[in-house]
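Remember, it's 1-based here, ligands and their atoms both numbered in the order they're listed.
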Amino acid sequence: MSDDMLLHFSSNSSNQSDHSLPTKIAKLEARLVGKASSATASQQPPLPQQQQQQQQQPPAWSSLSSASKFPSAEDLPDASSSSDSDDENGGEFLIQANTLKRQKVQKDDNLPVFEHVEAVAEGRQKIVEAMESKASSDGNRRKQGRGRGHSVSSRGRGSRANDQTRQPISSSILSPSNGQLENSYHKDSRPKEQFRTDDRISVEEEMTSLRAKVAALEEDLRKCRQEASDYQNLCRQLEKELKDIKDYDQQMKPKRTKMIADLLIAVSKAERQEARMKVRQDSLRLGNVGVIRAGTVISETWEDGQALKDLNAHLRQLLEAKEAVERQRKQLKKRQSDKGDATDAEPGAQEEDILIQDEIYKSRLASIKREEESILRERDRYELDKGRLIREMKRIRDEDGSRFNNFQILNNRYALLNLLGKGGFSEVYKAYDLVEHRYVACKLHGLNAQWSEEKKQSYIRHAIREYNIHKTLVHHHIVRLWDIFEIDQNTFCTVLEYCSGKDLDAVLKATPVLPEKEARIIIVQIFQGLVYLNKKAQKIIHYDLKPGNVLFDELGVAKVTDFGLSKIVEDDVGSQGMELTSQGAGTYWYLPPECFELSKTPLISSKVDVWSAGVLFYQMLFGRRPFGHDQTQERILREDTIIKARKVEFPSRPTVSNEAKDLIRRCLTYNQSERPDVLTIAQDPYLTYSKK
Ligand SMILES: Nc1ncnc2c1ncn2[C@@H]1O[C@H](COP(=O)(O)OP(=O)(O)OP(=O)(O)O)[C@@H](O)[C@H]1O
């Protein structure tokens, strides 16, 4: 590892000449194999074999990447042959210097040995003196450099400084171009020694620094390894902790689920108690269900509460007061006419008295009328409260009689809470999904045990069909269907999105007339749901749009539900629509005339839903249905009420915009072929909110 790092370091250290290195290498290699530039070659005498061998030795740069990273001082090439000057000439010079050195050696061979030694010693002495003073100033400079935070060993600056120091000397001694080389070499070989010393010092310094760096890096590496191992340990520890937590979580899951269920049950029990207490309190004020017996027949009857009795007593009092005032007024009028016949002394004064008295009676009558109106409004409110109380009483009674009222957890998942209501063949419970952690509505479909097996199977088929249609519907204005499962042989459950608001039926029972703005936004949402149903690959006719099938979530968003009667429009259906196979089903106030066609099997389309939506909108605006409002289902059928519903009439009050009336007229177009379908009517400007 440290070798690699050293390699990395040495290669970094020569970064300065990286860009010229390949060129240098190429040139050096060319020269080594005898392809030196002709100019240089022509100046060179042929090399003896020993020199050639020396030239074939690896060049200085190769030591940077060779296996031997720390050459010993003896191994180091001499200054002239190891020049690492950055420029190209330096590269050429490297070879030339070698060549020349060898020429000198050859020449020196001819001198007597002692002369040569003396000359060399003398020359050396001179150069050593010169170099000593230079080296000391260099050393100072280096120290200063170090003091400034520069790395001496760095091949970047440190080596460049060395090169700069070295180059003038070596080139002045060695350069063949100045013609002094031979002389200086002969005269004095001391500079060469000095160079060696100087280089050795520099290289040693560099090596010391490198060793220090290597040591520091190795220390860093050791620390990193230590840290890595610490992290690995920590990781293992955290993994173990995570596993423990997961195991614990798994262990605790049933306990936690039970705890949530217990809390929900406790809240629901409190809600049940509260609901019953409220019913008892309201009963005192609003009335109660009594039992009357007629022979063996026991039937229930409504007994009005104190509030209505008080209101009625108040009304009676007002009536009596009104009658009394009117009597007095009659007498006054009689006196007035009697006085008119008599000849009195002050007729003007008496006449004024009578007029004032009459004004007093009139004012009293007006105030009695106002009070009467207020009491009548209170009586209407009473009727609404009474209706709500009766529904709540029924709900409580259904809840008490339900076999699912003891907070079961169905399918290991749905904690049943309180009963929301009961339909024809189903009970709907508010429930909590212990897996998804959200409230849901569980619709429990009970098959009547008395039914034949065939009827049961037909009911189940019907429910599965409804489920298959409903489960594919994902839209903001359609109640989601989440799940279906069997509870026992005679019961199964569908799980629906829970809508905590009232349904539209309850809303209209509490406030039969809605302001047009509110009614409009509700019908717009219903149409958005219908448009979705008609843009699917397989269009769907809801067929049972009525106030009870429009629910509101906690934010007041309207959602269409109950796809029990819905029809999938087959691809091959003609423009007139598909055959209605379930004639007689549905709620007659909301169905169009074609559904009552008896002479032939009716063809139906999304226009059925357009009609129903028109009836709904009318009812929200005017507080009553447009056709057969006061009639029972049976009477509507018997009297052909809807078949005769050719034209819609609007009451004079409340005031409703012409745009709203036009939309209703379009929806309630008698002739099916002229009535717009869902996608067409949805383009009506009244149903869009975008600014034009
Ligand atoms: N998803 C739901 N969220 C909240 N309440 C619901 C949900 N579905 C139904 N309910 C309520 O449960 C009650 C019974 O619903 P259900 O659909 O069974 O009754 P219905 O429509 O009156 O009967 P039927 O289906 O026989 O026509 C209603 O008061 C309804 O508002």
Side-chain angles (χ1 to χ4, degrees), residues 268 271 275 387-399 401-402 404-405 410 414-433 436 438-448 451 458-460 462-467 469-471 473-484 487 491-510 522 525-526 529 542-566 582 584-591 612 616 633:
S268 301
E271 281 174 359
R388 205 169 22 242
L389 176 65
I390 291 172
R391 280 197 301 281
E392 180 62 352
M393 283 175 160
K394 184 177 172 307
R395 189 195 68 78
I396 288 175
R397 188 188 287 186
D398 288 337
E399 189 174 72
S402 166
F404 295 103
N405 67 5
L410 300 180
Y414 303 106
L416 290 189
L417 304 172
N418 294 331
L419 182 78
L420 292 168
K422 197 172 172 182
F425 303 104
S426 60
E427 291 174 352
V428 181
Y429 269 87
K430 180 178 176 179
Y432 189 79
D433 182 347
E436 290 289 337
R438 63 183 170 207
Y439 284 105
V440 292
C442 281
K443 191 165 183 171
L444 303 152
H445 305 253
L447 310 183
N448 192 327
W451 285 353
S458 151
Y459 186 89
I460 291 170
H462 184 84
I464 290 172
R465 193 185 140 277
E466 176 184 352
Y467 171 76
I469 294 176
H470 197 163
K471 76 173 178 195
L473 307 178
V474 183
H475 190 265
H476 197 46
H477 296 299
I478 309 266
V479 171
R480 281 298 301 273
L481 177 63
W482 303 118
D483 199 2
I484 186 169
I487 296 171
T491 326
F492 65 94
C493 175
T494 44
V495 182
L496 298 152
E497 174 186 354
Y498 173 61
C499 297
S500 63
K502 293 175 188 165
D503 59 48
L504 185 56
D505 186 45
V507 169
L508 293 178
K509 277 185 174 127
I522 293 173
Q525 294 175 79
I526 292 171
H542 184 280
Y543 200 83
D544 199 13
L545 265 186
K546 58 180 182 179
N549 287 337
V550 177
L551 307 180
F552 295 95
D553 70 7
E554 71 277 16
L555 300 174
V557 176
K559 294 173 187 258
V560 175
T561 190
D562 200 345
F563 287 79
L565 294 178
S566 56
S582 59
T587 312
Y588 301 154
W589 292 293
Y590 301 93
L591 286 178
S612 307
L616 267 176
Q633 296 279 285

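The six-membered or imidazole ring of Phe425 lies near that of Trp451, with a centre-to-centre distance under 6.0 Å.
Atoms NZ and CG, on Lys422 and Leu444 in that order, are 11.0 Å from each other to the nearest 0.5 Å. Atom-to-atom distance recorded for Leu481:CG and Ile469:CD1 is 11.0 Å, nearest 0.5 angstrom.
A side chain to side chain donor-acceptor pair (under 3.5 Å) with Lys559 holds for exactly one of Glu497, His477, His475; it is Glu497. The residue from Glu466, Lys443, Lys471, His445 that alone fulfils the side chain to side chain donor-acceptor pair (under 3.5 Å) condition with Thr494 is His445.
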Just the distances, no angles: every ligand 1 N or O to protein N or O pair closer than 3.5 Å, one line each.
unit_1	atom_1	unit_2	atom_2	d
ligand 1	1 (N)	Glu497	O	2.8
ligand 1	3 (N)	Cys499	N	3.0
ligand 1	17 (O)	Lys443	NZ	3.2
ligand 1	18 (O)	Ser426	OG	3.1
ligand 1	25 (O)	Asp562	OD2	3.4
ligand 1	26 (O)	Gly424	N	2.7
ligand 1	31 (O)	Asp503	OD2	2.8

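Heavy-atom contacts from other residues, nucleotides or ligands closer than 6.0 Å to CZ of Arg465 number more than 12.
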